[in-house]
J.: 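Pasting a structure below so you can have a look.
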Amino acid sequence: MEYEVFFVTLPIETMYRYFTVMIKKIEELKNEISALQAATPEAVEQLRIKYLSKKGEISSLMNDFRSVPAEQKRELGQKLNELKNIATEKLAFLKESLSANADAEKASIDLTRTATPLPLGTRHPLSLVKNEIISIFGNMGFTIAEGPEIEDDWHVFSSLNFPADHPARDMQDTFFIQRDGKDDILLRTHTSSVQTRTMEHSQPPIRIVCPGRVYRNEAISARAHCFFHQVEGLYIDKNVSFADLKQVLLEFAQQMFGPETKIRLRPSYFPFTEPSAEMDISCGICGGKGCAMCKGTGWVEILGCGMVDPNVLKSCGIDPEIYSGYAFGMGVERIANLKYLVKDLRLFSENDVRFLDEFVAAH
Ligand code: DAH
């Protein structure tokens with residue numbers, strides 16, 4: 001419309017000049033269309049609308065075509081048809097190559113092929129053993145409690161009834177942290193500190209297991225390390241007795257080491273329990289007959305336990321006249337050694353994948 005008005009009113013030279021403009025435009029569009037690319041069928045459709053639809057660029061050139069002088073119509077008509085063919089072919093080509101790509105992509109996925117296995121990491125044997133301990137006690141109603149590894153004297157020693165001259169308070173056994181000239185901050189030497197922390201903040205019934213890392217000032221060897229792992233257990237309620245403790249520990253030992261496992265409790269001493277005991281299990285290697293593992297005795301020690309000392313309950317704000325409870329603590333490395341016969345403790349912290357990989361089959 002715009003051009004019709006333009007041609008009717010403009011002199012003939014201008015109309016000729018318009019022919020040149022259209023030829024130039026056709027050339028430009030040819031180049032533009034030849035270089036077109038599209039990544040999706042939607043993009044091809046956009047291009048079709050842009051160039052070939054009723055309101056597209058080529059149709060509008062076709063409209064203009066009516067207004068050029070008659071003697072130029074033949075040449076311009078040819079060029080316009082040529083352009084239209086180029087555009088139609090190009091778009092058909094783009095459309096086809098997209099669906100060909102899609103077919104090729106489909107064909108390249110063979111769903112029946114065996115998957116290439118990815119190298120998967122494995123759980124650390126200590127984590128496996130720790131999780132097993134937690135799950136056995138979890139099934140008996142114990143929940144998990146955790147506490148800090150950097151502790152204070154109160155939670156690790158004083159609240160647990162350690163006498164002032166107890167050897168554990170010695171620099172030779174405990175890593176102390178110097179702070180403002182004081183050394184009442186230390187790396188916890190046992191997870192019994194979590195007992196105190198829990199009792200301070202809650203009232204019975206309390207039934208928890210406390211897994212965690214502990215530190216001791218030991219020279220590193222096959223049999224000792226400066227850090228290792230423990231799981232502590234604590235049950236406080238009305239009328240809790242030593243018989244309850246024994247039954248829970250028997251159940252644990254048999255689930256962990258097999259239903260044939262026997263336990264025995266030997267009197268012992270810990271500042272925070274009274275009476276205290278150490279628990280042995282029948283040696284799983286020789287079945288109790290005596291071997292190198294049990295040093296010929298038929299028994300191996302696995303944990304310490306006892307009835308929580310009333311002084312400990314008092315220092316944590318629990319009335320020992322109403323409540324009683326038991327506690328136990330075991331080394332995760334010790335249990336892992338017995339289960340997997342790992343002779344050198346250092347293997348647990350060296351992260352040698354050849355060692356760690358051995359535990360995939362076990363679980
Ligand atoms: N805390 C003791 C240790 O590190 C282990 C222990 C013994 C924990 C007796 C207890 C217990 O709760 O009753 O050697």
Side-chain angles (χ1 to χ4, degrees), residues 130 133-134 137 142 144-149 151 153-163 166-170 172-175 186-200 206-218 223-237 240-250 252-253 263-281 300-313 315-316 318 320 323-335 337 345:
K130 180 193 74 182
I133 298 170
I134 289 173
F137 285 107
F142 288 76
I144 298 175
E146 286 180 308
E149 291 177 16
E151 260 295 5
D153 180 279
W154 168 255
H155 290 97
V156 176
F157 298 131
S158 301
S159 65
L160 290 165
N161 209 24
F162 275 77
H166 194 281
R169 290 174 175 248
D170 199 302
Q172 244 136 44
D173 294 285
T174 303
F175 290 113
L186 46 95
L187 296 182
R188 68 179 177 193
T189 55
H190 55 182
T191 42
S192 305
S193 53
V194 187
Q195 284 189 18
T196 317
R197 286 200 172 266
T198 309
M199 286 193 277
E200 274 173 351
I206 295 171
R207 188 154 39 181
I208 51 164
V209 277
C210 325
R213 180 173 286 183
V214 300
Y215 301 82
R216 289 193 195 166
N217 194 357
E218 302 258 7
R223 299 172 57 84
H225 211 294
C226 59
F227 68 81
F228 57 99
H229 302 81
Q230 289 187 331
V231 175
E232 182 83 13
L234 177 73
Y235 179 36
I236 313 277
D237 205 346
V240 178
S241 73
F242 205 97
D244 299 319
L245 169 64
K246 194 175 168 190
Q247 188 56 38
V248 159
L249 293 180
L250 174 66
F252 164 71
I263 63 166
R264 98 179 163 181
L265 291 154
R266 281 178 291 104
S268 185
Y269 171 76
F270 299 103
F272 37 90
T273 43
E274 182 56 38
S276 303
E278 273 169 316
M279 187 176 96
D280 299 339
I281 55 165
V300 285
E301 186 200 318
I302 65 159
L303 54 81
C305 59
M307 299 306 290
V308 179
D309 193 301
N311 282 342
V312 175
L313 294 177
S315 51
C316 298
I318 290 175
Y323 295 108
S324 58
Y326 62 71
F328 55 86
M330 67 187 88
V332 180
E333 279 81 350
R334 175 87 184 128
I335 307 280
N337 276 346
L345 255 185

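Reckoned from all heavy atoms, side chains included, excluding hydrogens, waters and symmetry mates. Start at 1 and go down the list; that is how both ligands and their atoms are numbered.
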J.: So, does E278 sit close enough to ligand 1 that a heavy atom of it is under 4.0 Å from the ligand?
T.: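 The answer is no: ligand 1 sits nowhere under 4.0 Å from a heavy atom of E278.
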J.: Distance only, no hydrogens: is a donor on one side chain within 3.5 Å (strictly under) of an acceptor on the other, for H225 and E333?
T.: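 No, because no side-chain N or O of H225 sits under 3.5 Å from a partner of the opposite role on E333.
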J.: Does any N or O in the side chain of R188 come within less than 3.5 Å of the main-chain N or O of R213, such that one atom is a donor and the other an acceptor?
T.: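 Confirmed, R188 side chain pairs with R213 backbone.
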J.: Looking at non-hydrogen atoms alone, which of M330, R216, Q195, E232 comes nearest to atom 3 (C) of ligand 1?
T.: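 Among M330, R216, Q195, E232, the closest heavy atom to atom 3 (C) of ligand 1 comes from R216.
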J.: Could you label the plane-to-plane angle of the F157 and H190 rings as parallel, tilted or perpendicular, counting under 30° as parallel and over 60° as perpendicular?
T.: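 The arrangement is tilted - the two ring planes meet at 30° to 60°.
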J.: Which ligand 1 atoms does G306 reach within 4.0 Å, using its non-hydrogen atoms?
T.: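 Ligand 1 atoms under the 4.0 Å threshold to G306: 13 (O).
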J.: Below 3.5 angstrom, do we get any N/O pair linking A327 and ligand 1?
T.: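 Indeed, backbone or side chain, A327 has an N or O that close.
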J.: Counting from 1, what ligand 1 atoms have a heavy atom of T273 closer than 4.0 Å?
T.: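 Counting atoms of ligand 1 from 1, those under 4.0 Å from T273 are 13 (O).
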J.: Tell me whether R264 at atom CZ has more than 12 heavy atoms from other residues, nucleotides or ligands lying less than 6.0 Å away.
T.: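 It does: R264 CZ has more than 12 such atoms within range.
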J.: To which of G304, A277, G331 does the heavy atom nearest atom 9 (C) of ligand 1 belong?
T.: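 When every heavy atom of G304, A277, G331 is considered, G304 comes closest to atom 9 (C) of ligand 1.
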J.: Which of the numbered atoms in ligand 1 are under 4.0 angstrom from any heavy atom belonging to G329?
T.: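 It comes down to these atoms of ligand 1: 6 (C), 8 (C), 10 (C), 12 (O).
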J.: Could you check if a side-chain atom of T191 sits within less than 4.5 angstrom of a side-chain atom of V231, using non-hydrogen atoms only?
T.: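 No; the side chains remain at least 4.5 Å from each other.
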J.: Describe, in one word, how the ring planes of Y326 and F142 are oriented to each other, choosing from parallel (under 30°), tilted (30 to 60°) and perpendicular (over 60°).
T.: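 Judged by the thresholds at 30° and 60°, the geometry between Y326 and F142 is tilted.
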J.: Suppose I only count heavy atoms of Q230 and a 4.0 Å limit; which atoms of ligand 1 are within that range?
T.: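 In order of numbering, the contacting atoms are 3 (C), 4 (O).
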J.: Any donor and acceptor pair, going by atom type alone, linking the side chain of S315 with main-chain N or O of S159 inside 3.5 Å?
T.: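 Present.
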J.: Could you tell me whether ligand 1 has any atom less than 4.0 Å away from a heavy atom of F272?
T.: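 Contact present.
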J.: If the cut-off is 4.0 Å to any non-hydrogen atom of S192, which atoms of ligand 1 fall inside it?
T.: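 Under 4.0 Å from S192, ligand 1 has these atoms: 1 (N), 8 (C).
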